[in-house]
Amino acid sequence: MDLDAVTDELYGLPPEDFTAVRDRRAQEARKSGDRELSGRIRRLRRPTLAAWACNLLVRDRPEETRLLLELGEELRRAHRDLDGAQLRQLSAEQHRITARLAREAADLTARAGHRIGDDAQREVTETLHAVLADPRAAGEWAAGRLDRPLPAPVGFAPDTAAPAPSRRPKATRTEKPAQRPAAEAPARDRGGAERARREQHKEADRARERARAAERELRAREKDHETAETEAHRADTRRQETEEEVARLTEQLDQARAQQRQARTEARGAHDRLRRAERALTEARQQAERAATRAEDAGDGKPRSRE
């Protein structure tokens with residue numbers, strides 16, 4: 001048994017089966033002497049319905065998974081290059097594929113016995129957009145082991161579109177457009193575009209930093225939750241073991257009491273038989289003595305005293 005195999009097994013299960021199988025695998029690891037593996041297995045979190053739907057999609061639709069990952073690489077490349085034409089083309093493809101995959105995820109869960117609601121459907125869609133925007137999110141999703149849906153991307157919006165071209169202000173009636181040398185205008189336009197590009201990159205960096213901070217906060221809260229969940233599970237285990245011990249001792253006590261009652265009954269019966277035997281013995285002795293006396297008297301014709 002190893003953690004990778006157990007994790008792969010667990011996140012392919014329906015959510016209602018997750019906890020029981022996880023605890024059973026952790027107990028098996030503990031019995032085999034691997035306490036560290038047992039603890040790591042117990043810390044695995046049960047997936048939400050949305051996360052489970054995303055995992056089903058990866059596991060049951062490998063070809064479409066590959067296509068979405070490739071589209072994400074192309075979108076991120078076009079975004080970095082500020083390729084407006086490519087972004088417009090890929091944006092249309094993005095909406096078409098994510099909508100179709102979200103519907104397929106809902107169909108897969110329905111066939112598996114669960115219908116996901118609007119909130120879970122939205123979380124599936126946000127996860128798919130995160131896959132397109134963030135290579136790390138893409139890797140997490142492609143593993144098919146999500147326990148929570150991925151948050152909507154920050155800095156790379158789901159409806160990526162080409163940047164709008166800058167417009168020069170119209171001249172007023174009293175002002176004439178400034179006359180620029182023919183060679184100067186293109187240079188200034190290039191400088192403005194470069195500044196806009198740098199500013200856009202800075203804003204993207206700031207957005208990514210905010211996203212990283214939010215992710216760190218989320219991980220901290222998840223760690224707190226995992227710790228509380230582990231402590232609760234340990235308490236439940238201790239309670240279950242104690243209840244089992246109480247049940248075992250209670251059963252033994254009931255058996256001992258039954259044996260005690262049986263022993264008392266048998267003892268009373270034995271004493272009754274003993275008393276009857278003693279009375280019978282006394283009567284037999286008395287009869288023997290009387291018979292002996294009569295026999296002696298009959299033998300010599302006169303009574304004899306018994307010494």
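Count residues from 1 along the sequence.
Taking 4.5 Å as the limit, every side-chain heavy atom of Leu101 sits out of range of all side-chain heavy atoms of Thr125. Residues Leu132 and Leu71 meet the side-chain proximity criterion, which asks for heavy atoms closer than 4.5 Å. Using a 4.5 Å heavy-atom cutoff, the side chains of Arg145 and Asp4 are in contact. Between Arg25 and Glu9 there is a side-chain heavy-atom pair separated by less than 4.5 Å. Two residues are said to be in side-chain contact when any heavy atoms from C-beta on lie closer than 4.5 Å; Arg264 and Arg261 fail this criterion. Counting only heavy atoms from C-beta outward, the side chains of Arg148 and Glu123 never approach each other to under 4.5 Å. Looking only at side-chain heavy atoms (C-beta outward), Arg122 and Asp119 come within less than 4.5 Å of each other. When side chains are defined from C-beta on, Glu126 does not count as touching Pro149, because their heavy atoms never get closer than 4.5 Å.
Between Lys31 and Glu28, none of the side-chain N atoms (NZ, or NE/NH1/NH2) sits under 4.0 Å from a carboxylate O, so this pair counts as no salt bridge. We find that Glu104 and Arg100 are joined by a salt bridge, their nearest charged nitrogen and carboxylate oxygen being less than 4.0 Å apart. Salt bridge annotation for Glu283-Arg279: absent, with no cationic side-chain nitrogen under 4.0 angstrom from a carboxylate oxygen.
Looking only at distances, a side-chain donor or acceptor of Arg22 sits under 3.5 Å from a matching main-chain atom of Leu44. The backbone N or O of Leu150 lies less than 3.5 Å from a partner atom in the side chain of Thr127, making a donor-acceptor pair. The main-chain N or O of Ile116 is never found under 3.5 Å from a side-chain atom of Gln121 such that the two would form a donor-acceptor pair. Checking side-chain atoms of Asp147 against main-chain N and O of Arg46 turns up no donor-acceptor pair under 3.5 Å. Between the side chain of Arg115 and the main chain of Ala110, no donor-acceptor pair closer than 3.5 Å is present. Distance alone, capped at 3.5 Å, is enough to place a donor-acceptor pair between the Arg59 side chain and the Gly144 backbone.
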Let's go through Val6 and Leu10 carefully: what are the C-alpha distance in whole Å and the side-chain angles of both, what is the deciding distance for side chain to side chain contact (heavy atoms under 4.5 Å, CB included) to 0.1 Å, and is it a yes or a no? CA-CA 6 Å; Val6 173; Leu10 291 176; 3.7 Å; yes
Passes side chain to side chain contact (heavy atoms under 4.5 Å, CB included), Val131 versus Thr98? Steps please. CA-CA 10 Å; Val131 169; Thr98 54; over 6 Å; no
Going through the checks in order, is the salt bridge (charged side-chain N to carboxylate O under 4.0 Å, His left out) test met by Arg96 and Glu93? CA-CA 5 Å; Arg96 182 180 65 81; Glu93 184 76 3; 2.5 Å; yes
Could you go step by step and tell me if Arg285 and Leu281 meet the side chain to side chain contact (heavy atoms under 4.5 Å, CB included) rule? CA-CA 6 Å; Arg285 285 175 176 170; Leu281 177 61; 3.7 Å; yes
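Across Val124 and Ala105, no two heavy atoms sit closer than the pair CG1-CB, 4.0 Å. Of all non-hydrogen atoms in Pro151 and Ala130, the two that sit nearest each other are O-CB, 3.3 Å. Of all heavy-atom pairs between Glu266 and Arg273, the closest is O-NH2, 4.4 Å. Considering all non-hydrogen atoms of both residues, Pro47 and Ala51 come closest at CB-CB, 4.2 Å. Taking each heavy atom of Ala50 and Ala120 in turn, the nearest pair found is CB-O, 3.7 Å. The minimum heavy-atom distance linking Leu49 with Pro15 is given by the pair CD2-CG, 4.1 Å.
Rounding to the nearest 0.5 angstrom, the gap separating the CE atom in Met1 from the OG atom in Ser32 is 6.5 Å. In this structure, CD on Glu73 lies 10.5 Å from CG on Leu68, to the nearest 0.5 angstrom. The distance from atom CG of Asn55 to atom OG1 of Thr109, rounded to the nearest 0.5 Å, is 12.0 Å. Note that the CG atom of Leu3 and the CZ atom of Arg43 stand 9.5 Å from one another [nearest 0.5 Å]. Taking CG from Asp297 and CZ from Arg294, the interatomic distance works out to 9.5 Å, rounded to the nearest 0.5 Å. Taking CD of Gln27 as the start and CD1 of Ile41 as the end, the distance is 11.5 Å to the nearest 0.5 Å.
Counting non-hydrogen atoms of neighbouring residues, nucleotides and ligands closer than 6.0 angstrom, the CZ atom of Arg290 exceeds 12 such neighbours. Within a 6.0 Å radius of CG in Asp118, no more than 12 heavy atoms belonging to other residues, nucleotides or ligands are found. Heavy-atom contacts from other residues, nucleotides or ligands closer than 6.0 Å to CD of Gln286 number more than 12. Counting non-hydrogen atoms of neighbouring residues, nucleotides and ligands closer than 6.0 angstrom, the CZ atom of Arg30 reaches no more than 12 such neighbours. The environment of Arg35 atom CZ is sparse: at most 12 non-hydrogen atoms of other residues, nucleotides or ligands sit within 6.0 angstrom.
With no hydrogens or angles considered, no side-chain donor-acceptor pair links Gln255 and Gln259 at under 3.5 Å.
Note on residues 48-74: pairs passing ring pair (Phe, Tyr, Trp, His ring centres under 6.0 Å), not counting sequence neighbours, are Trp52-His114.
Two different hydrophobic clusters hold Leu75 and Leu67 under the rule that ILVMFWY side chains link at heavy-atom gaps under 4.5 Å.
Residues passing the side-chain contact (heavy atoms from CB on, under 4.5 Å) test with Thr65, sequence neighbours excluded: Val58, Leu69, Trp141.
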